[in-house]
Amino acid sequence: MTTVRTRFAPSPTGYLHVGGARTALFSYLFARKHGGRFVLRIEDTDLTRSTVESVNTILEGMTWLGLEYDEGPFYQTQRFERYAQVIETLLQKGLAYRCDCSKERLEALRQRQMAAKIKPRYDGHCRNRQVSPDQPHVIRFRNPDQGVVVVEDLIRGRLRFHNEELDDLILRRSDGSPTYNLTVVVDDWDMGISHVIRGDDHLNNTPRQINILRALGQEPPRYAHVPMILGEDGARLSKRHGAVSVVAYREQGYLPEALLNYLVRLGWSHGDQEIFSLDEMIELFDLEQVHRSPATFDREKLTWLNQHYLQQADPKRIAHLLSPHLGKLGIDPSQGADLVQVVKVLAPRAKTLVELAEISAFVYRDFEDYDETAAKKHLRPVAREPLEALRAALEDLALDDWEPYTLEQVVKGVAERLQRKLGKVAQPLRVALVGRAASPSIDVTLQLVGKEATLRRIDRALAYIQHRAAQT
RNA sequence: GCUCCCUUCGUCUAGCGGUUAGGACGCUGGCCUCUCACGCCGGUAACAGGGGUUCGAAUCCCCUAGGGAGCGCCA
């Protein structure tokens with residue numbers, strides 16, 4: 001039994017998107033499950049489109065998700081010598097050849113083939129032409145003309161491709177740089193990759209790569225092609241579907257474990273289980289259970305998972321992750337109530353860290369405006385009496401008694417004395433304190449706001465009622 | 001156009017010849033309740049269509065329809 005070695009091989013032409021992240025996750029899980037190694041390789045042979053910024057955001061995304069690689073990152077641009085060597089071998093063995101067909105000729109050929117309703121492919125014009133190495137030329141692989149390439153895909157099952165459908169692909173461009181199909185083959189071979197887990201957009205490349213590998217006298221690795229992820233409209237997930245960059249989810253207040261959990265359930269399942277820790281994923285993941293059909297990305301379910309993890313997570317950690325989001329609102333949480341306490345009572349009410357920051361803001365600063373419907377409903381003249389009674393009672397409360405139990409007694413006491421239902425007292429107070437009709441229980445809300453701000457905000461509410469009464 | 005792939009509630013999925021077709025998200029009715037969430041109880045909704053095979057098909061086979069990918073000196 002050979003060691004399991006998997007790899008994630010993104011090309012640095014953009015950010016790490018959710019589709020790539022899921023492929024990386026599957027590769028990672030498979031390696032971990034089998035005690036193997038997970039390799040990261042940067043496929044940057046397209047010099048014009050690859051950028052270092054892109055490499056950085058991909059690495060950042062993987063780090064955030066916790067997808068740790070054991071080897072790499074390896075850069076293909078640093079391996080050009082090796083590719084040149086392999087191409088030379090192929091050339092010498094007659095398994096590759098030089099081609100000087102002009103782009104015009106190839107274009108004309110393609111047009112003719114399309115017009116004749118046949119699959120456009122290179123016609124092998126230069127196969128036996130002995131093109132001089134001194135001329136500008138590309139190098140093509142001499143693909144077998146006959147026979148069938150059988151791919152035993154771990155997810156798709158047995159797939160057959162006829163060699164007649166394949167043409168002589170380019171291994172080296174006229175500028176001397178190697179192409180994708182050559183570099184993957186060489187790298188997977190050199191890096192001892194046992195299982196190639198990748199997006200199914202590569203499915204059609206697989207027989208070509210197997211042919212190259214065989215020409216080099218190597219046995220191909222196992223393949224597993226995972227279906228892509230679709231947007232809500234059924235088209236391939238892309239920018240216009242909203243956030244597809246993994247890092248964008250962090251900015252939108254999602255937890256990495258939520259995204260990971262969502263991703264692992266997209267196209268894979270273990271019975272009815274919905275919640276998976278990373279350890280469980282590693283233990284239970286299996287390529288055979290990965291679906292063959294593409295899945296649609298559903299932000300609602302991701303959000304639900306995020307809410308779940310927001311509740312489960314250690315409040316200290318959440319507080320730490322929340323700080324930057326509060327910062328964006330101009331709030332410095334070190335000034336005021338203990339953020340961990342705030343998280344404990346408010347986290348169950350938020351779906352994202354962004355939302356948590358928003359609903360926590362009232363603790364640290366006075367709100368801007370009342371929520372219109374809340375104010376209209378609760379800050380009416382009938383609320384004046386209870387608010388005044390509350391203000392008086394709360395003002396008399398010593399700071400040492402400013403804790404939930406006593407605060408609740410005070411509010412209930414006022415309600416009883418005025419012979420009003422608790423809601424008629426607590427709701428106006430709530431709107432006075434947070435500006436909205438929703439907050440944690442009134443005792444806890446009072447505690448978080450603190451005595452000073454409470455009295456100030458009740459005064460503000462009373463003034464508001466006064467002002468409104470005067471207007472009508 | 002050609003080659004390859006895919007098809008269970010709106011979405012993610014369970015199912016692997018015999019089930020009232022299950023779960024989750026969403027939506028929704030109710031309970032809880034000082035509000036909002038959480039939680040709990042209930043509801044809504046699917047085997048793409050047509051042929052076979054079989055005593056019996058969501059499950060096996062074929063066809064049709066629909067969807068997707070590939071067909072680059074991109075990866």
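The structure presented is a predicted model; accordingly, all values stated were derived computationally and were not measured. Note that these values count all heavy atoms, side chains included, but never hydrogens, waters or copies made by symmetry.
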Could you check whether A:Ala437 gets within reach of a base, just the sugar-phosphate, or nothing at all, counting any heavy atom under 4.0 Å? base
With a 4.0 Å cutoff (strictly under), does any side-chain N or O of A:Ser293 reach OP1 or OP2 of B:C5? no
Taking only the C1' atom of each, what is the distance from B:C32 to B:C38 in whole angstrom? 11 Å
Can you see whether A:Thr373 engages A:Asp371 through a side-chain donor-acceptor pair at a distance of less than 3.5 angstrom? yes
Any A:Arg265 side-chain N or O less than 4.0 Å from OP1/OP2 of B:A24: no
Distance alone, cut at 3.5 Å: any donor-acceptor contact between the side chains of A:Thr406 and A:Glu403? yes
Have a look at A:Arg110 and say if it touches a base, only the backbone sugar-phosphate, or nothing, with a 4.0 Å heavy-atom cut-off. sugar-phosphate
Using atom P in both nucleotides, what's the gap between B:G39 and B:A57 to the nearest angstrom? 42 Å
Rounding to the closest angstrom, what is the interatomic distance between B:G10 and B:G49 at atom P? 12 Å
P-based separation of B:A21 from B:A58 [nearest Å]: 10 Å
Touch check for A:Ser174, heavy atoms < 4.0 angstrom, all strands: base, sugar-phosphate only, or nothing? base
Whole-Å distance between B:C34 C1' and A:Arg420 CZ? 15 Å
In whole angstrom, what separates A:Phe362's CZ from B:C36's C1'? 11 Å
Does A:Ser441 put a side-chain nitrogen or oxygen below 4.0 Å from OP1 or OP2 of B:C34? no
Roughly, in whole Å, what's the span from NZ in A:Lys421 to C1' in B:U33? 12 Å
What contact category does A:Pro120 fall into here, base, sugar-phosphate, or nothing, at under 4.0 angstrom with non-hydrogen atoms? base
Salt bridge (charged side-chain N to carboxylate O under 4.0 Å, His left out) between A:Arg105 and A:Asp123, worked out: CA-CA 11 Å; A:Arg105 191 188 103 77; A:Asp123 60 359; 2.7 Å; yes
Between B:A48 and B:U8, how far apart are the two C1' atoms, rounded to whole Å? 10 Å
Base B:G22 paired with A:Asp272 side chain (donor-acceptor, <3.5 Å): yes
Can you tell me how far P of B:C9 sits from CD of A:Glu300, to the nearest Å? 19 Å
Quick one: look up who B:A45 pairs with, Watson-Crick or G-U, both distances under 3.5 Å, and put none if it's unpaired. none
Watson-Crick or G-U counterpart of B:G70, or none if no pair lies under 3.5 Å: B:C2
Taking CD from A:Gln111 and C1' from B:G1, how many angstroms apart are they, rounded to a whole number? 13 Å
What integer number of Å spans the P atoms of B:G67 and B:U11? 15 Å
Please check: side-chain N/O of A:Gln113 versus main-chain N/O of A:Arg121, any donor-acceptor pairing under 3.5 Å? yes
Toward the 5' end of RNA chain B, by each residue's nearest nucleotide, A:Ser439 or A:Ala9: A:Ser439
Should the side chain of A:Arg349 and the base of B:C36 be counted as holding a donor-acceptor pair, with the cut-off at 3.5 Å? yes
Checking base pairs now: Watson-Crick or wobble, both atom distances under 3.5 Å. What partners B:A21? none
Report the residue from A:Phe276, A:Tyr254, A:Phe297 that forms a ring pair (Phe, Tyr, Trp, His ring centres under 6.0 Å) with A:Tyr262. A:Phe297
Do A:Asp168 and A:Tyr97 meet the criterion of a side-chain donor-acceptor pair at a distance under 3.5 Å? yes
Within the modelled atom types, does a donor on one side and an acceptor on the other bring the side chain of A:Arg430 and the base of B:C34 under 3.5 Å apart? yes
So what does A:Lys351 hit on the nucleic acid, given a heavy-atom distance under 4.0 Å: a base, only sugar-phosphate, or nothing? nothing
Report which part of the nucleic acid A:Gln311 touches: base, sugar-phosphate, or nothing (heavy-atom distance under 4.0 Å, all strands). sugar-phosphate
What integer distance in Å separates A:Leu266:CG from B:A24:C1'? 13 Å
Distance between C1' atoms of B:C47 and B:U59 (Å, rounded): 10 Å
Please classify the nucleic acid contact of A:Glu274 as base, sugar-phosphate, or nothing, using heavy-atom distances under 4.0 Å. base
Heavy atoms only, 4.0 Å cut-off, all strands: where does A:Asn205 land among base, sugar-phosphate and nothing? base
Could you give me the CA-CA distance, side-chain angles and deciding distance for A:Phe26 and A:Phe285, then say whether ring-ring contact (aromatic ring centres under 6.0 Å, His included) is met? CA-CA 8 Å; A:Phe26 284 4; A:Phe285 183 74; 4.9 Å; yes
Can any side-chain N or O of A:His137 pair as donor or acceptor with the backbone N or O of A:Gln135 at less than 3.5 Å? yes
Watson-Crick or G-U counterpart of B:U7, or none if no pair lies under 3.5 Å: B:A65
Hey, does A:Pro10 reach any base, or is it just sugar-phosphate, or nothing, if we go heavy atoms under 4.0 Å? nothing
Touch check for A:Arg156, heavy atoms < 4.0 angstrom, all strands: base, sugar-phosphate only, or nothing? sugar-phosphate
P-based separation of B:C60 from B:A46 [nearest Å]: 22 Å
How close or far is atom C1' of B:C71 from atom CG of A:Asn181, stated in whole angstroms? 12 Å
Look at A:Thr45 and B:A75 and indicate whether a side-chain polar atom (N or O) is within less than 4.0 Å of OP1 or OP2. yes
Both distances under 3.5 Å, Watson-Crick or G-U wobble: report the partner of B:C34, or none. none
Once you apply a heavy-atom cut-off of 4.0 Å, does A:Lys117 come out as touching a base, just sugar-phosphate, or nothing? sugar-phosphate
At less than 4.0 Å, is any side-chain N or O atom of A:His291 found next to OP1 or OP2 of B:A14? Yes or no. yes
Could you tell me how far apart A:Gln312 (CD) and B:G39 (C1') are, to the nearest whole angstrom? 13 Å
